[in-house]
Amino acid sequence: MDEPERWRHMSTAPKDGSRILVTVRPSEQGPAEVDLAYWSRGDQFAGEGWRASDSSPGRVVEYAEPELKCWMPLPSANLSRGGSMPAPWEGDDAQQLDGSGI
């Protein structure tokens, strides 16, 4: 993917099972955070939807669409850049993602 380190609208997130970074909206459980997630087609443990990548059978962590603000592909493993998780998207929902506010 081009420009991998840029937050994008959730509507464009891949639903092929690949793992991506997502911004989880702030809630009464805590502030916004970044998580590693993937789209699941559903199985005997849970229905179709976004799951945290650390889910396991019987302990599925699912995200409802409104809980996720935006996504980005996983960064490359370029060790010279200092590997750290990007900060959660804190801007307005749709106004500034993908340059749409320009």
Side-chain angles (χ1 to χ4, degrees):
M1 295 185 146
D2 59 344
E3 300 182 56
E5 296 183 20
R6 177 174 55 87
W7 289 112
R8 303 161 187 218
H9 290 277
M10 280 305 296
S11 63
T12 65
K15 292 186 175 180
D16 60 3
S18 57
R19 278 146 172 77
I20 59 173
L21 295 177
V22 294
T23 293
V24 181
R25 294 179 186 278
S27 69
E28 59 275 356
Q29 283 82 31
E33 63 182 11
V34 173
D35 199 0
L36 186 62
Y38 68 98
W39 179 261
S40 173
R41 297 197 187 278
D43 55 26
Q44 70 270 26
F45 302 107
E48 183 176 72
W50 292 105
R51 293 185 185 177
S53 66
D54 56 355
S55 292
S56 60
R59 299 192 186 276
V60 175
V61 178
E62 291 184 296
Y63 289 113
E65 289 280 341
E67 290 181 278
L68 302 178
K69 195 169 191 176
C70 52
W71 77 281
M72 77 166 57
L74 290 174
S76 66
N78 186 346
L79 300 176
S80 66
R81 297 193 58 208
S84 64
M85 194 73 100
W89 174 257
E90 301 268 343
D92 294 335
D93 281 0
Q95 302 307 325
Q96 299 169 2
L97 288 171
D98 295 330
S100 60
I102 298 174

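All values derive from a computational prediction rather than experimental measurement.
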Locate the shortest heavy-atom distance separating [X] from [Y]; write the atom from each residue and the value.
X: Glu62; Y: Gly47; value: OE2-O, 3.4 Å
X: Pro88; Y: Ala32; value: CG-O, 3.6 Å
X: Arg41; Y: Lys15; value: NH2-O, 3.6 Å
X: Leu21; Y: Pro75; value: CD1-CD, 3.7 Å

Tyr63-Met10 co-clustered via ILVMFWY side chain contacts under 4.5 Å: yes

Close side-chain approach of Val24 to Trp50, heavy-atom, < 4.5 Å: no

Heavy-atom donor-acceptor pair, Trp71 side chain to Thr23 backbone, under 3.5 Å: no

Backbone N/O of Ser18 and side chain of Asp16: donor-acceptor pair under 3.5 Å: yes

Atom pair SG/CZ of Cys70 and Arg25 - distance to nearest 0.5 Å: 8.5 Å

side-chain contact (heavy atoms from CB on, under 4.5 Å) partner of Leu36, chosen from Ile20, Leu74, Val22, Asp54: Leu74

